[in-house]
There are 4 protein chains.
Amino acid sequence: MSPQQTVEDQSARPASSRVQRKRGRRIQEILTAAAELFGERGYDAVSLEDVAERLDVTKGSLYYYFSGKEELVTAAIETLGNEWTALLEELLDGSTGTAAQRLRALIREHVTIAVRDYPAALRLFLVPRQWPDAQRERIKELRQRHDALFRGLVEEGVASGEFTVTTVDTALQCMHAAMTQAPMWCGEAKPRDRDRAIDEVADTLMMLVGIPPR
Amino acid sequence: MSPQQTVEDQSARPASSRVQRKRGRRIQEILTAAAELFGERGYDAVSLEDVAERLDVTKGSLYYYFSGKEELVTAAIETLGNEWTALLEELLDGSTGTAAQRLRALIREHVTIAVRDYPAALRLFLVPRQWPDAQRERIKELRQRHDALFRGLVEEGVASGEFTVTTVDTALQCMHAAMTQAPMWCGEAKPRDRDRAIDEVADTLMMLVGIPPR
Amino acid sequence: MSPQQTVEDQSARPASSRVQRKRGRRIQEILTAAAELFGERGYDAVSLEDVAERLDVTKGSLYYYFSGKEELVTAAIETLGNEWTALLEELLDGSTGTAAQRLRALIREHVTIAVRDYPAALRLFLVPRQWPDAQRERIKELRQRHDALFRGLVEEGVASGEFTVTTVDTALQCMHAAMTQAPMWCGEAKPRDRDRAIDEVADTLMMLVGIPPR
Amino acid sequence: MSPQQTVEDQSARPASSRVQRKRGRRIQEILTAAAELFGERGYDAVSLEDVAERLDVTKGSLYYYFSGKEELVTAAIETLGNEWTALLEELLDGSTGTAAQRLRALIREHVTIAVRDYPAALRLFLVPRQWPDAQRERIKELRQRHDALFRGLVEEGVASGEFTVTTVDTALQCMHAAMTQAPMWCGEAKPRDRDRAIDEVADTLMMLVGIPPR
DNA sequence: CATGAATGAGGTTTCATTCAT
DNA sequence: AATGAATGAAACCTCATTCAT
């Protein structure tokens, strides 16, 4: 049995779970490094050598865990998406107040993550030639889970009369597009300016659901 | 001594203007092809061989007109941006009504062009992070000219009290981001659905300047 | 200090013979698997990973029994050759009749084994040109033992005037070459056709020693 | 239009036939070098680097003419087969005498070529994983053309009563197998011995069609 | 005994770039 | 103006081998 098995198959063999856990941890290390790099520079601009170097191993080692660049990047996207979504879910769990207050906080958090951790995340969804089927499914699911967070809040606000939208779908798409590209114009050096920029983005995007600034 | 001269230099020598015109035409052909390809697949995923093949010439020929891949792609972006901006300026010249009416028309037109002519233009703005200085300048200027169209209208509306914004800059950025990515979710087959989708985008984005739907 | 010891050494230590037997059995399993794979695809096209996978162990384990790929393949050839020769010797022990009758039976058996058990055994003799000295010796000996069976019969027939040959050596070489490649053109699906094909090969090869068909 | 076009397409564009001829010549140079190397060592054991080095160019250049290793080797086999067959046809054209005399000369020539030029030609027909369809056809045709030479003579001899065979097909297969493997046991250093060995092979193989030695 | 992990050398392939013609 | 040819660096990938556990 070849050792490559994507992250989810892990539970196949119950044997030697300590080893399995270690393997899992290593895979996560790799995926985190890969997610950062791909998130920063995009698919084509990152070589496996780059990934290996950041992990201080050789290229060959990556092939022990992944069957190739595409599998690696797919898994990395998944990781990135999961971490990102988890952070947002966490925030949402602890947040109270009106739908507007919570949505604004969510937007702020999302942009902050984008700017801080994954300035080129957008590119990861613009990967070359369409993905092989298996991988495309996984990415689509990921995106839906992420979207659901925003959609839930928006629908709540609309239901309560707090928000006004033309279409929930379109408002979400626009919001998402702007948030994703935000790192490109908020990527300033000084944290102070950056924070203000993020605030402005949040205020501006709230207008998409009919909440005026101030 | 190579005859390379970037697109601007073209008008420098009045001599032998028939030759010059022909050269200009050839350059335009190349740039159009390049813009399409780069727009479809992104910078890294398009090889000069691809561009040459679409033009039915050899790679070598491209070097007669451009000093390298980067210059080619920069010029392509410039061309595409110029055409695009020209279409928008034309529309604006003939348009009357309130700032809101004109802005809405401008947004509609922009998205329509994007969806119809340059479905993947977005990628052209996701080009390698570090441009050589010379090229970065040109792209920045282009963007500013394009932006000025929207900015003018928005400022006019703000001045007249018609619009409400947190920051003109941020509103424009968000608007731009959403418009650029719109082709990705409006790229439906049937023209009827597509038109309605574009309308929704326009309505939604008008909210960024405080204009409610309907 | 690694415990590697080539197959011959096995019987050296009488100590702990149960362990030794187990070791021997394991080695045989490995060699059988290896012989099949190398026979099917050739030396270069089979990786140790492939061999390990078929045995459901890891690559590393193979190094416990063999010092490397070359030793493994040499031993595999040896095993295969031994089994093959043993089968032929067995046949010869029980066979009677004229030299021609016995030679014909031997040829038939040889080709039958090749077709049935080792359809691509030929490739095992097309292994990298330069064997290390130690291994070359072993392979040569093997071949001689195998050859001796045929040689003995041929010489007997020549001595008795039953056979006519130009050179015993050359006749044997040609016979061997044809027998080895026979699986490639006798590898038909239906057993009936296959049996007739083998008969034809045997008849034809008998002509090499001057025995006419029928 | 990518420059790769296999040898037969050459006549597609009538344009600039001097250039075309030069291209053809270069391709032949490459194929000759490749055929020698692959013929000597087999598919897997020859790297493109090896081929490139013998031609004193870089690996990359090979990709200008061939789309990959497989295409190169297929074309090389074709070349090798064509040259080989051409030599045999030439010989046959100028040869007179009985079918036996001519067949014997043909065998001698074939083995001489094998020993002298392509000691590992056999391996080329045992290439890894079956060939892609396109290439398999070409190789099969080649083989048939080659076989036809021998078949014609054998059938002629059988018709005239000069030869006796069990089956023409089987006799040809055996003959071919032996001839192809002959370099393995005739590859001696001294030309004198080698010539005698070839003579013996020829005499021995003539027995396959019922011609006794001497 | 056996495994999982890692390595490093070497293979195939791609491609921007240069240049003689 | 354009082409065919060649290059070289760098990419992806494979695999025999080693080793701590």
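Chain A is the first sequence line, chain B the second, and so forth, proteins listed ahead of strands; every chain is numbered from 1. Small disclaimer: the values here were computed from a predicted structure and weren't measured.
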Trainee: Any idea which heavy atoms bring D:Lys69 and D:Val46 closest together, and the distance?
Mentor: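 Scanning both residues completely, I find the closest heavy atoms to be NZ-O, 2.9 Å.
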Trainee: Measure the distance from CG on D:Asp50 to P on E:dG10 and round it to the nearest whole Å.
Mentor: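 Roughly 12 Å, once rounded to whole Å.
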Trainee: By nearest nucleotide on DNA chain F, pick out whichever of B:Gly60 and A:Gly68 is the more 5' one.
Mentor: B:Gly60
Trainee: Before accepting this row, confirm whether a basic side-chain N of the pair A:Lys59/A:Glu53 lies closer than 4.0 Å to the acidic partner's carboxylate O.
Mentor: no
Trainee: Closer than 4.0 Å, any side-chain N/O of B:Tyr65 to the OP1 or OP2 of F:dA1?
Mentor: no
Trainee: CG of B:Leu62 versus C1' of E:dC15: gap in Å, rounded?
Mentor: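 It works out to 13 Å between those atoms.
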Trainee: Go nucleotide by nucleotide along DNA chain E from the 5' end; which of A:Asp56 and C:Lys22 gets its closest nucleotide reached first?
Mentor: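 On the 5' side of the pair lies C:Lys22.
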Trainee: What is the distance, rounded to the nearest whole Å, between atom CD of B:Glu49 and atom C1' of F:dA6?
Mentor: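 After rounding, the gap between these two atoms is 14 Å.
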Trainee: Take atom CG of A:Leu72 and atom P of F:dA11, then tell me their distance rounded to the nearest Å.
Mentor: 15 Å
Trainee: Within the pair A:Arg23 and E:dT3, is there a side-chain N or O less than 4.0 Å away from OP1 or OP2?
Mentor: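 It does not, given that no N or O in the side chain of A:Arg23 lies less than 4.0 Å from OP1 or OP2 of E:dT3.
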Trainee: Go through F:dT17, E:dA16, F:dA6 for me and flag the one nearest to the B:Leu48 side chain.
Mentor: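 From the listed options, E:dA16 comes nearest.
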Trainee: What pair of heavy atoms forms the shortest contact from B:Leu37 to B:Val51, and how long is it?
Mentor: CD1-CA, 3.7 Å
Trainee: Could you work out which one of F:dG4, E:dA2, E:dA6 sits closest to the side chain of D:Val19?
Mentor: F:dG4
Trainee: Taking side-chain hydrogen bond (donor to acceptor under 3.5 Å, both in side chains) as the definition, give me every residue that meets it alongside B:Ser47, ordered by chain and number, with sequence neighbours left out.
Mentor: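 For B:Ser47 the side-chain hydrogen bond (donor to acceptor under 3.5 Å, both in side chains) partners, ignoring immediate neighbours, are B:Asp50.
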Trainee: Give a yes/no on whether any side-chain N or O of D:Tyr64 is located under 4.0 angstrom from OP1 or OP2 of F:dT7.
Mentor: no
Trainee: Check the distance between E:dT13's P and A:Lys69's NZ and give it to me in whole angstrom.
Mentor: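 It is 18 Å, rounded to the nearest whole Å.
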Trainee: Let me have DNA chain E in dot-bracket notation, would you? Count Watson-Crick plus G-U wobble pairs, both distances under 3.5 Å, and use [ ] for pairs crossing earlier ones and | for inter-strand partners.
Mentor: .||||||||||||||||||||
Trainee: Using a heavy-atom cut-off of 4.0 Å across all strands, would you classify A:Lys59 as base, sugar-phosphate, or nothing?
Mentor: base
Trainee: Can you tell me how far C1' of F:dA2 sits from CD of B:Glu29, to the nearest Å?
Mentor: 14 Å
Trainee: Could you tell me whether A:Val51 contacts a base, only the sugar-phosphate backbone, or nothing, with contacts defined as non-hydrogen atoms closer than 4.0 Å?
Mentor: nothing
Trainee: Which heavy atom in D:Phe66 sits nearest to a heavy atom in D:Ala75, and how many Å separate them?
Mentor: CE2-CB, 3.9 Å
Trainee: Looking at B:Tyr65 and B:Arg26, what are the two nearest heavy atoms and their distance?
Mentor: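 B:Tyr65 and B:Arg26 have their closest heavy atoms at OH-CG, 3.4 Å.
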Trainee: Taking atom C1' of F:dA2 as reference, at what distance in whole Å does atom CD of B:Glu53 sit?
Mentor: 17 Å
Trainee: Quick check for you: among F:dA2, F:dC13, E:dA5, whose closest atom lies nearest to any side-chain atom of B:Arg26?
Mentor: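 The closest nucleotide is F:dA2.
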Trainee: Is there side-chain contact between D:Leu72 and D:Ile30, with heavy atoms separated by less than 4.5 Å?
Mentor: yes
Trainee: Rounded to whole Å, please give me the gap between OH in B:Tyr43 and P in E:dA16.
Mentor: 8 Å
Trainee: Please name the pair of heavy atoms, one in A:Leu62 and one in A:Leu48, separated by the smallest distance, quoted to 0.1 Å.
Mentor: CD1-O, 3.7 Å
Trainee: Between A:Tyr63 and F:dT14, is there a side-chain N or O to OP1/OP2 distance below 4.0 Å?
Mentor: no
Trainee: On DNA chain E, check which nucleotide each of C:Thr58 and A:Ser61 is closest to and give me the residue with the more 5' one.
Mentor: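 Closest to the 5' end, via its nearest nucleotide, is C:Thr58.
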